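Just below is one structure, and these are the notes that go with it.
Because the structure is predicted, anything quoted here is derived from the model rather than measured.
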Amino acid sequence: MAVQSWQKSSFSGDTANCIYLAVAPDGSVKIRESDDPDTIITTTPDRFRAFLHGAKVGEFDHLTK
């Protein structure tokens with residue numbers, strides 16, 4: 001799988017517990033964790049946008065309690 005480059009949030013700092021994102025040449029969004037980089041989730045930009053919207057409005061807050 002070729003991607004342009006993996007990017008992590010600036011909020012992650014230098015810790016090893018990071019989520020990385022990348023856009024593949026076909027436009028799909030790739031997601032992986034730093035502690036398991038061989039496992040990659042693939043989604044569409046529209047689905048990823050919907051997920052981000054849900055995260056921003058607190059839809060998943062109950063999962064962190």
Looking only at heavy atoms, the pair that brings Ala22 and Ser5 closest together is CB-O, 3.3 Å
Output all residues satisfying side chain to side chain contact (heavy atoms under 4.5 Å, CB included) with Ser10, sequence neighbours left out; order by chain, then residue number.
none
Partner residues of Ser28 under the side chain to side chain donor-acceptor pair (under 3.5 Å) criterion, sequence neighbours left out
Asp26
Restricting to pairs with a member in residues 36-48, which pass salt bridge (Lys or Arg N to Asp or Glu O under 4.0 Å), not counting sequence neighbours?
Asp46-Arg49
Looking at residues at least two apart in the chain, or sitting in another chain, which of them share a side chain to side chain contact (heavy atoms under 4.5 Å, CB included) with Asp61?
none
Hydrophobic clusters join Ile, Leu, Val, Met, Phe, Trp and Tyr when side-chain heavy atoms are under 4.5 Å apart, directly or via other members; which others share one with Leu63?
Ile19, Leu21, Val29, Ile31, Ile41, Phe48, Phe51, Leu52, Phe60
Minimum heavy-atom distance between Lys30 and Ile40, given as atom pair plus value
CB-CG2, 3.9 Å
Under 4.5 Å between any side-chain heavy atoms of Tyr20 and Glu33, yes or no?
no
